[in-house]
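One structure below.
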Amino acid sequence: MAIEFPSLPYAEDALEPYISATTMAFHYGKHHRAYVDNLNKLIVETPFADLTLEEIIKETAGEPKYQAIFNNAAQAWNHNFFWHCMSPDGGKAPKGALLKKIEAAFGSYDAFCEAFLNAATSQFGSGWAWLAEDDEGKLRVMKTSNADTPLAHGLKPLMTVDVWEHAYYLDYQNVRADFVKNFIAHLIKF
Ligand code: MN
């Protein structure tokens, strides 16, 4: 049973002008697809072949001999989650219970945005910024390197932004902060 390459929840040009169709064509069509294709090659005829993506991530996390499987599985999951963290009509705070939790944890939605921007811009090198929830329902902003994901640490991801250079370099060159500011102001979708 192969891991499926999931469809995008919108057209490749839907997030313009904040993320160009060219960036999406490479990021989704080349980078994300390669993680799924590589994972399927690595797990064929192994016990991992019968597991879900989430199960593969949890089974291989922190195991040096399974590093390549973990990296490709986590990147496959992170990217699919990231696409669903954006919308052409995004840029709005969540409503209801999640907004109340964010206000309790950070003081306000704006304070959460500032912490999230800081995590995204201070991640050194490739990685991700996250809003995640622990098993007691407590929220935290965090950053991870390379393929690492809150799922590998027993946390539930609620929001993410990809800060690998391939996510923004064609549109923003080296100015990661402008990409993340536009993500928060125009694309973020809880
Ligand atoms: Mn990426």
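All values reported here derive from a predicted model rather than from experimental measurement. Whatever order the structure lists ligands and atoms in, that order sets their numbers, starting from 1.
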Salt-bridged, Lys101 to Glu133, with N to O below 4.0 Å?
yes

Will you find, in the side chains of Trp128 and Gln123, an N or O donor that is under 3.5 Å from an N or O acceptor?
no

Check: Asn78/Thr149 side-chain N/O donor and acceptor closer than 3.5 Å
yes

For the Mn ion (ligand 1), does an N/O/S atom of His166 lie at less than 2.8 Å?
yes

Answer yes or no as to whether an N/O/S atom of His31 is found below 2.8 Å from the Mn ion (ligand 1).
no

Identify, by name, the N, O or S atom of Asp162 lying closest to the Mn ion (ligand 1).
OD2

Could you tell me whether Tyr66 and Phe48 have their ring centroids closer than 6.0 angstrom?
yes

